A.B. asks: 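Can you keep this structure in mind? I'll have questions shortly.
Atoms considered below: every heavy atom in the structure, side chains included; atoms not considered: hydrogens, waters and symmetry mates. Remember, predicted model here, so these are calculated numbers, not experimental data.
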Amino acid sequence: MIELPVHPLLTGIPRERVLCFTGHRPEALPEPAKLPYMLNMLHELINEAVAKGYTHFYTGLADGLDYYAAEYLFQLRQSNPSIMVIGVQPCVKYREFFEQRGYSLARLEYMLSNADGIVTLPPPAANADAFRNRNAYMVDRSGAIIAVYKKAGRGSGSSSTYRYATQKGIARCRICLEKEISYGKWDVERVGF
(Lines give C-alpha, C1' and ligand atoms only; values in the text may rest on other atoms or scores of the structure.)
Protein backbone atom coordinates (compact mmCIF):
# COMPACT_ATOMS: atom_id res chain seq x y z
CA MET A 1 0.00 0.00 0.00
CA ILE A 2 1.20 3.49 -0.86
CA GLU A 3 1.88 5.67 2.18
CA LEU A 4 -0.08 8.87 1.69
CA PRO A 5 1.14 12.09 3.27
CA VAL A 6 -0.76 14.34 5.62
CA HIS A 7 -2.62 17.13 3.81
CA PRO A 8 -0.56 20.36 3.84
CA LEU A 9 -3.24 22.11 5.92
CA LEU A 10 -2.50 19.57 8.67
CA THR A 11 1.29 19.75 8.55
CA GLY A 12 2.45 20.71 12.04
CA ILE A 13 -1.07 20.39 13.52
CA PRO A 14 -1.07 17.97 16.48
CA ARG A 15 -3.42 15.01 16.04
CA GLU A 16 -5.16 16.14 19.23
CA ARG A 17 -6.62 19.03 17.19
CA VAL A 18 -7.84 16.86 14.29
CA LEU A 19 -11.22 15.10 14.25
CA CYS A 20 -12.97 12.96 11.64
CA PHE A 21 -16.55 11.81 11.08
CA THR A 22 -18.26 8.59 10.17
CA GLY A 23 -21.93 7.87 9.81
CA HIS A 24 -24.78 6.54 7.76
CA ARG A 25 -25.98 7.68 4.36
CA PRO A 26 -29.32 9.58 4.24
CA GLU A 27 -31.50 6.47 3.89
CA ALA A 28 -30.18 5.01 7.17
CA LEU A 29 -30.38 8.19 9.24
CA PRO A 30 -33.47 8.98 11.34
CA GLU A 31 -36.77 9.63 9.57
CA PRO A 32 -37.37 13.22 8.42
CA ALA A 33 -39.45 14.12 11.51
CA LYS A 34 -36.59 13.10 13.83
CA LEU A 35 -33.61 14.15 11.68
CA PRO A 36 -33.51 17.75 13.03
CA TYR A 37 -33.15 16.37 16.57
CA MET A 38 -30.24 14.16 15.54
CA LEU A 39 -28.62 17.10 13.77
CA ASN A 40 -28.97 19.21 16.94
CA MET A 41 -27.14 16.46 18.86
CA LEU A 42 -24.44 16.36 16.17
CA HIS A 43 -24.07 20.15 16.32
CA GLU A 44 -23.72 20.01 20.12
CA LEU A 45 -20.93 17.43 19.80
CA ILE A 46 -19.14 19.49 17.14
CA ASN A 47 -19.43 22.60 19.35
CA GLU A 48 -18.00 20.60 22.23
CA ALA A 49 -15.11 19.41 20.05
CA VAL A 50 -14.34 22.98 18.96
CA ALA A 51 -14.46 24.10 22.61
CA LYS A 52 -11.95 21.32 23.43
CA GLY A 53 -9.54 22.69 20.82
CA TYR A 54 -10.30 20.65 17.71
CA THR A 55 -9.76 22.93 14.72
CA HIS A 56 -9.19 20.62 11.74
CA PHE A 57 -11.90 18.26 10.54
CA TYR A 58 -11.85 15.44 8.02
CA THR A 59 -15.02 14.60 6.14
CA GLY A 60 -15.33 11.58 3.87
CA LEU A 61 -17.51 13.65 1.49
CA ALA A 62 -20.39 11.16 1.61
CA ASP A 63 -24.03 12.16 1.36
CA GLY A 64 -25.63 11.84 4.77
CA LEU A 65 -23.72 12.34 8.01
CA ASP A 66 -20.54 13.64 6.31
CA TYR A 67 -22.56 16.25 4.47
CA TYR A 68 -24.43 17.38 7.59
CA ALA A 69 -21.20 17.67 9.60
CA ALA A 70 -19.44 19.60 6.83
CA GLU A 71 -22.43 21.90 6.33
CA TYR A 72 -22.41 22.83 10.02
CA LEU A 73 -18.62 23.29 10.10
CA PHE A 74 -18.83 25.66 7.12
CA GLN A 75 -21.32 27.74 9.11
CA LEU A 76 -19.10 27.73 12.22
CA ARG A 77 -16.06 28.70 10.15
CA GLN A 78 -17.72 32.02 9.31
CA SER A 79 -17.25 33.16 12.90
CA ASN A 80 -14.25 30.96 13.74
CA PRO A 81 -11.57 31.12 11.00
CA SER A 82 -9.38 28.59 12.84
CA ILE A 83 -11.77 25.85 11.65
CA MET A 84 -10.48 23.95 8.63
CA VAL A 85 -12.44 21.29 6.74
CA ILE A 86 -10.55 18.75 4.64
CA GLY A 87 -12.51 16.46 2.34
CA VAL A 88 -11.20 12.99 1.54
CA GLN A 89 -12.38 11.40 -1.71
CA PRO A 90 -11.97 7.60 -1.71
CA CYS A 91 -11.20 7.45 -5.44
CA VAL A 92 -10.60 9.49 -8.56
CA LYS A 93 -14.05 8.80 -10.08
CA TYR A 94 -15.99 9.62 -6.92
CA ARG A 95 -18.43 11.94 -8.69
CA GLU A 96 -19.47 9.01 -10.95
CA PHE A 97 -20.13 6.86 -7.86
CA PHE A 98 -22.36 9.60 -6.40
CA GLU A 99 -24.31 9.87 -9.62
CA GLN A 100 -24.73 6.09 -10.01
CA ARG A 101 -26.03 5.75 -6.45
CA GLY A 102 -28.48 8.62 -6.85
CA TYR A 103 -26.86 10.73 -4.14
CA SER A 104 -27.08 14.51 -4.34
CA LEU A 105 -24.43 15.86 -6.69
CA ALA A 106 -25.36 19.32 -5.42
CA ARG A 107 -24.35 18.27 -1.89
CA LEU A 108 -21.06 16.79 -3.15
CA GLU A 109 -20.30 19.95 -5.10
CA TYR A 110 -21.16 22.07 -2.05
CA MET A 111 -18.68 20.12 0.09
CA LEU A 112 -15.96 20.17 -2.57
CA SER A 113 -16.30 23.88 -3.25
CA ASN A 114 -16.39 24.90 0.42
CA ALA A 115 -13.71 22.61 1.84
CA ASP A 116 -10.39 24.18 2.74
CA GLY A 117 -8.62 21.27 1.10
CA ILE A 118 -9.33 18.03 -0.74
CA VAL A 119 -7.39 14.76 -0.61
CA THR A 120 -8.13 12.39 -3.50
CA LEU A 121 -6.95 8.86 -2.86
CA PRO A 122 -5.46 7.02 -5.85
CA PRO A 123 -7.90 4.19 -6.71
CA PRO A 124 -9.66 5.02 -9.98
CA ALA A 125 -13.12 3.71 -9.04
CA ALA A 126 -15.21 3.31 -5.90
CA ASN A 127 -15.30 -0.09 -4.21
CA ALA A 128 -15.30 -1.45 -0.66
CA ASP A 129 -11.50 -1.23 -0.38
CA ALA A 130 -11.48 2.40 -1.54
CA PHE A 131 -13.97 3.38 1.16
CA ARG A 132 -12.16 1.33 3.83
CA ASN A 133 -8.85 3.00 2.88
CA ARG A 134 -10.47 6.46 2.95
CA ASN A 135 -11.82 5.80 6.44
CA ALA A 136 -8.45 4.48 7.66
CA TYR A 137 -6.70 7.52 6.14
CA MET A 138 -8.88 9.84 8.22
CA VAL A 139 -8.68 7.83 11.48
CA ASP A 140 -4.89 7.40 11.18
CA ARG A 141 -4.47 11.17 11.05
CA SER A 142 -7.04 12.15 13.69
CA GLY A 143 -7.10 12.43 17.46
CA ALA A 144 -10.87 11.90 17.71
CA ILE A 145 -13.91 10.71 15.82
CA ILE A 146 -17.61 11.55 15.96
CA ALA A 147 -19.82 8.74 14.69
CA VAL A 148 -23.55 8.37 14.05
CA TYR A 149 -24.80 4.86 13.29
CA LYS A 150 -26.82 1.88 14.48
CA LYS A 151 -24.78 -1.02 15.81
CA ALA A 152 -27.29 -3.35 14.18
CA GLY A 153 -25.45 -2.51 10.97
CA ARG A 154 -22.29 -4.30 12.12
CA GLY A 155 -21.16 -4.70 8.52
CA SER A 156 -21.50 -1.01 7.76
CA GLY A 157 -18.53 1.16 6.90
CA SER A 158 -19.40 3.40 9.83
CA SER A 159 -19.28 0.60 12.39
CA SER A 160 -16.02 -0.71 10.87
CA THR A 161 -14.50 2.77 11.02
CA TYR A 162 -15.57 3.19 14.64
CA ARG A 163 -14.06 -0.19 15.54
CA TYR A 164 -10.84 0.82 13.79
CA ALA A 165 -10.79 4.08 15.78
CA THR A 166 -11.27 1.98 18.93
CA GLN A 167 -8.28 -0.19 17.98
CA LYS A 168 -6.21 2.96 17.38
CA GLY A 169 -7.21 4.27 20.82
CA ILE A 170 -8.39 7.70 19.68
CA ALA A 171 -11.10 9.65 21.50
CA ARG A 172 -14.55 8.57 20.37
CA CYS A 173 -18.09 9.83 20.56
CA ARG A 174 -21.08 8.12 18.97
CA ILE A 175 -24.74 9.02 18.73
CA CYS A 176 -26.24 5.56 19.26
CA LEU A 177 -29.17 5.47 16.85
CA GLU A 178 -30.31 2.11 18.23
CA LYS A 179 -30.84 3.60 21.72
CA GLU A 180 -33.54 6.24 21.44
CA ILE A 181 -34.06 7.56 24.98
CA SER A 182 -37.04 9.73 24.11
CA TYR A 183 -38.47 11.16 20.91
CA GLY A 184 -35.51 12.33 18.85
CA LYS A 185 -33.03 11.94 21.72
CA TRP A 186 -30.47 9.15 21.49
CA ASP A 187 -27.90 7.79 23.88
CA VAL A 188 -24.37 9.09 23.32
CA GLU A 189 -21.41 6.76 23.85
CA ARG A 190 -18.15 8.51 24.83
CA VAL A 191 -14.63 7.26 25.31
CA GLY A 192 -12.03 9.93 26.05
CA PHE A 193 -14.18 12.61 24.44
A.B. asks: Enter the distance from Lys34:NZ to Leu39:CG here, rounded to the nearest 0.5 Å.
C.D. replies: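 The NZ atom of Lys34 sits 14.0 Å away from the CG atom of Leu39.
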A.B. asks: Taking it one step at a time, do Arg174 and Trp186 satisfy side chain to side chain contact (heavy atoms under 4.5 Å, CB included)?
C.D. replies: CA-CA 10 Å; Arg174 180 174 80 89; Trp186 296 271; over 6 Å; no
A.B. asks: With the 4.5 Å side-chain cut-off for hydrophobic clustering, are Phe193 and Val191 part of the same group?
C.D. replies: no
A.B. asks: Taking it one step at a time, do Ile13 and Met84 satisfy side chain to side chain contact (heavy atoms under 4.5 Å, CB included)?
C.D. replies: CA-CA 11 Å; Ile13 302 296; Met84 297 283 176; over 6 Å; no
A.B. asks: Is there a salt bridge (charged side-chain N to carboxylate O under 4.0 Å, His left out) between Lys52 and Glu48? Walk through the geometry before answering.
C.D. replies: CA-CA 6 Å; Lys52 289 181 176 185; Glu48 185 179 330; 3.2 Å; yes
A.B. asks: Counting heavy atoms not belonging to Lys93, are there more than 12 under 6.0 Å from its NZ?
C.D. replies: no
A.B. asks: Look up atom CE in Met38 and atom CG in Leu65, then write down how far apart they are to the nearest 0.5 Å.
C.D. replies: 6.0 Å
A.B. asks: Going only through I, L, V, M, F, W and Y residues with side-chain contacts under 4.5 Å, is there a path from Leu112 to Val92?
C.D. replies: no
A.B. asks: Any side-chain donor paired with an acceptor under 3.5 Å for Thr166 and Arg172?
C.D. replies: yes
A.B. asks: For the residue pair Ala62 and Met111, what are the closest heavy atoms and their distance?
C.D. replies: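 Answer, listing the atom of Ala62 first, then Met111: O-CE, 3.7 Å.
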A.B. asks: Leu61 pairs by side chain to side chain contact (heavy atoms under 4.5 Å, CB included) with which of Leu108, Asp66, Val88, Ile86?
C.D. replies: Leu108
A.B. asks: Kindly give the heavy-atom pair with the smallest separation between Ala115 and Gly87, and that separation in Å.
C.D. replies: CB-N, 4.3 Å
A.B. asks: Hey, quick one: are Ile118 and Leu19 part of the same hydrophobic cluster, counting side-chain heavy atoms closer than 4.5 Å, chains of contacts allowed?
C.D. replies: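 Hydrophobic grouping puts Ile118 with Leu19.
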A.B. asks: Any donor and acceptor pair, going by atom type alone, linking the side chain of Glu180 with main-chain N or O of Gly184 inside 3.5 Å?
C.D. replies: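 Such a contact is found between Glu180 side chain and Gly184 backbone.
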A.B. asks: Flag the pair Ile170 / Tyr164 as yes when at least one side-chain heavy-atom distance between them is below 4.5 Å, and no otherwise.
C.D. replies: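 Ile170 vs Tyr164: side chains apart.
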A.B. asks: Which word best sums up how the rings of His24 and Tyr149 line up, parallel for under 30°, tilted for 30 to 60°, or perpendicular for over 60°?
C.D. replies: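 Judged by the thresholds at 30° and 60°, the geometry between His24 and Tyr149 is perpendicular.
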A.B. asks: Count the heavy atoms of every other residue, nucleotide or ligand shown that sit under 6.0 Å from OH of Tyr110, and state whether that count exceeds 12.
C.D. replies: yes
A.B. asks: Could you tell me which non-hydrogen atom of Gly192 sits nearest to which non-hydrogen atom of Ala171, and how far apart they are?
C.D. replies: O-CB, 3.3 Å
A.B. asks: Quick one: pull up SG in Cys176 and CD1 in Ile181 and give me the separation to the nearest 0.5 Å.
C.D. replies: 8.5 Å
A.B. asks: Test Asp63 against Arg101 for salt bridge (charged side-chain N to carboxylate O under 4.0 Å, His left out), laying out the working first.
C.D. replies: CA-CA 10 Å; Asp63 198 356; Arg101 290 293 176 102; over 6 Å; no
A.B. asks: For Pro36 and Ala33, which heavy atoms make the closest approach, and how far apart are they?
C.D. replies: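 Between these two residues, the closest heavy atoms are CD-O, 3.8 Å.
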A.B. asks: Enter the distance from Phe131:CZ to Leu121:CG here, rounded to the nearest 0.5 Å.
C.D. replies: 10.5 Å
A.B. asks: Determine whether the aromatic ring centres of residues Tyr94 and Phe98 are separated by less than 6.0 angstrom.
C.D. replies: yes
A.B. asks: Parallel, tilted or perpendicular: which one describes the rings of Tyr137 and Tyr58, with boundaries at 30° and 60°?
C.D. replies: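 Ring orientation, 0 to 90° scale: perpendicular.
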A.B. asks: If I compare all heavy atoms of Ala126 with all of Cys91, which pair ends up nearest, and what's the gap?
C.D. replies: N-SG, 3.4 Å
A.B. asks: Working to the nearest 0.5 Å, report the span between CZ of Phe97 and CD of Gln89.
C.D. replies: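 Rounded to the nearest 0.5 Å, the CZ-CD separation comes to 12.0 Å.
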A.B. asks: Taking side chain as C-beta onward, heavy atoms only, is Phe21 less than 4.5 Å from Leu73?
C.D. replies: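 Yes, side chains in contact.
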A.B. asks: Please round to the nearest 0.5 Å and tell me the distance separating atom CZ of Arg134 and atom OG1 of Thr59.
C.D. replies: 8.0 Å
A.B. asks: Mind checking whether Asn47 and Leu76 have side chains closer than 4.5 Å, heavy atoms only?
C.D. replies: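 Side chain of Asn47 against side chain of Leu76, heavy atoms only: contact under 4.5 Å found.
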A.B. asks: If we only count heavy atoms from C-beta on, is the Cys173 to Val188 side-chain gap below 4.5 Å?
C.D. replies: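 Cys173 reaches Val188 side chain to side chain.
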A.B. asks: Can you see which heavy atom on Ser142 is nearest to which on Arg15, and at what distance?
C.D. replies: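 What the structure gives for the nearest pair is O-NH2, 2.6 Å.
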A.B. asks: Determine whether Val148 and Tyr68 make a side-chain contact, defined as any pair of heavy atoms from C-beta on separated by less than 4.5 Å.
C.D. replies: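 Heavy-atom side-chain distance check fails, nothing below 4.5 Å.
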A.B. asks: Indicate whether any N or O donor in one side chain lies under 3.5 Å from an N or O acceptor in the other, for Tyr162 and Asn135.
C.D. replies: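 Looking only at side-chain atoms, Asn135 and Tyr162 do not form any donor-acceptor pair under 3.5 Å.
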A.B. asks: For the residue pair Thr22 and Val139, establish whether any side-chain heavy-atom pair is separated by less than 4.5 Å.
C.D. replies: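 Thr22 vs Val139: side chains apart.
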